[in-house]
Enquirer: 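Before I ask anything, here is the structure I am working with.
Numbers for residues simply follow the sequence, beginning at 1. Indexing begins at 1, ligand by ligand and atom by atom, following the structure's order. Note that the structure is a prediction, hence the values are computed from the model and not measured.
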Amino acid sequence: MLIADGDPSMKIGVLALQGDFEEHCGCLTRLEVDAREVRLPSQLDNLDGLILPGGESTSIGKLATDYDLVEPIQKFAKSAPVWGTCGGLVFLATDVGGDQPTLGLIDMVVERNAFGRQVDSFEEDLEITGLPGGLFRGIFIRAPKVVKVGQSVSIICELKGGSIVAVRSGRFLATSFHPELTTDTRVHEYFLAMVEKALRS
Ligand code: GLN
């Protein structure tokens, strides 16, 4: 385990507007962490970290705008870690090459659906910088890739062909793939270690 031993006092929010938020909550619960679904700005209060799940980033952005969540999440992110998976990675980006609401928290250019359609979904064993325990099985479903990063952003995983599929930028983590769809909780533990560090600082 990257975290001490599943800190039950840690409260992690999962944006629950659309997409596979239940799977993220399931992973957190297995790690004995208090997982809370977030649909309203007030539900961000007292959380230690936030996960933006995979889904349809245009829908997530539209619903977050309709529920007045964009600014509260940006404010929350000034002091707490945020992790986006797949559609959540898109929602974190500054530039997605189109007109859809994003949080603009990670300085990166993202290409949506970069590997094709649903039928082109694939899995690949990934080497992720800072993740102990060897390769991680990445599940890619209409996944985005990161095509350019700013100076503040570290690339922590690339596919064999060179496509960037995971980045870290200070308190923020983004993965093109879906760790919540596997039984391997190491990327969740990696994020929880970021949260623990932020709580200590
Ligand atoms: N293709 C979706 C998007 O760009 C992301 C898909 C996913 O999260 N599995 O919003």
Side-chain angles (χ1 to χ4, degrees), residues 12-28 35 37-39 49-67 69-70 73-74 77 81-126 128 136-149 153 155-159 161-169 172-188 190-191:
I12 303 294
V14 182
L15 189 65
L17 301 175
Q18 194 267 334
D20 67 345
F21 52 89
E22 283 178 359
E23 286 77 1
H24 271 294
C25 289
C27 289
L28 293 169
E37 294 183 3
V38 173
R39 295 186 181 83
L50 180 68
I51 296 178
L52 311 171
E56 195 53 43
S57 60
T58 48
S59 307
I60 293 173
K62 182 179 184 320
L63 292 168
T65 306
D66 290 350
Y67 292 165
L69 273 161
V70 174
I73 294 174
Q74 287 165 333
V82 180
W83 170 27
T85 57
C86 201
L89 170 148
V90 178
F91 192 38
L92 277 171
T94 46
D95 184 344
V96 298
D99 188 19
Q100 67 182 77
T102 67
L103 295 167
L105 292 173
I106 300 185
D107 183 11
M108 61 181 173
V109 182
V110 167
E111 181 186 336
R112 294 180 59 207
N113 307 322
F115 305 98
R117 304 185 323 160
Q118 194 89 4
V119 288
D120 303 308
S121 299
F122 63 99
E123 297 187 15
E124 187 168 319
D125 286 328
L126 307 171
I128 303 174
F136 187 90
R137 189 79 178 157
I139 299 177
F140 295 82
I141 305 168
R142 288 199 308 123
K145 73 176 174 190
V146 178
V147 290
K148 198 171 164 198
V149 295
V153 183
I155 295 163
I156 58 169
C157 182
E158 288 172 284
L159 295 183
S163 298
I164 302 167
V165 293
V167 296
R168 171 95 188 255
S169 175
F172 310 131
L173 174 67
T175 54
S176 295
F177 48 95
H178 290 274
E180 72 281 10
L181 298 183
T182 70
T183 52
D184 188 341
T185 53
R186 281 180 295 151
V187 183
H188 285 79
Y190 178 98
F191 178 65

Enquirer: Would I155 and V149 count as a side-chain contact (heavy atoms from CB on, under 4.5 Å) here? Give the steps.
Expert: CA-CA 8 Å; I155 295 163; V149 295; 4.2 Å; yes

Enquirer: Does any non-hydrogen side-chain atom of L15 lie less than 4.5 Å from one of I73?
Expert: yes

Enquirer: Check this for me: E22, atom CD, are more than 12 non-hydrogen atoms of other residues, nucleotides or ligands nearer than 6.0 Å?
Expert: no

Enquirer: Output the list of atoms in ligand 1 that are nearer than 4.0 Å to some heavy atom of G54, sorted by atom number.
Expert: 8 (O)

Enquirer: Give the residue and atom name of whichever protein heavy atom lies nearest to atom 6 (C) of ligand 1, and the separation in Å to one decimal.
Expert: G55 O, 3.3 Å

Enquirer: What atoms of ligand 1 come closer than 4.0 angstrom to any heavy atom of S57?
Expert: 3 (C), 4 (O), 10 (O)

Enquirer: Taking only Lys NZ, Arg NE, NH1 and NH2, and the carboxylate oxygens of Asp or Glu, determine whether K145 and E158 approach each other closer than 4.0 Å.
Expert: no

Enquirer: If you have a sec, work out which protein heavy atom is nearest atom 1 (N) of ligand 1 and how many Å separate them, to one decimal?
Expert: N113 OD1, 2.5 Å

Enquirer: For ligand 1 and I141, I'd like to know whether there is a polar contact (N/O to N/O, distance under 3.5 Å).
Expert: yes

Enquirer: Would you say T58 and ligand 1 have an N/O pair spaced under 3.5 Å apart?
Expert: no

Enquirer: What is the nearest protein non-hydrogen atom to atom 7 (C) of ligand 1, stated with its residue, atom name and distance?
Expert: C86 SG, 2.8 Å

Enquirer: Aromatic rings W83 and H188: how do their planes relate, parallel, tilted or perpendicular, breaks at 30° and 60°?
Expert: perpendicular

Enquirer: More than 12 heavy atoms of other residues, nucleotides or ligands under 6.0 Å from CZ of F122: yes or no?
Expert: yes

Enquirer: Scan D107, V153, T102 and name whichever one has a side-chain contact (heavy atoms from CB on, under 4.5 Å) with T94.
Expert: D107

Enquirer: Can you find an N or O of P144 that's nearer than 3.5 Å to an N or O of ligand 1?
Expert: no

Enquirer: Please identify which atoms of ligand 1 are closer than 4.0 Å to at least one heavy atom of G87.
Expert: 5 (C), 7 (C), 8 (O)

Enquirer: Checking a contact table here: which protein heavy atom is nearest atom 4 (O) of ligand 1, and how many Å away?
Expert: R112 NE, 2.7 Å

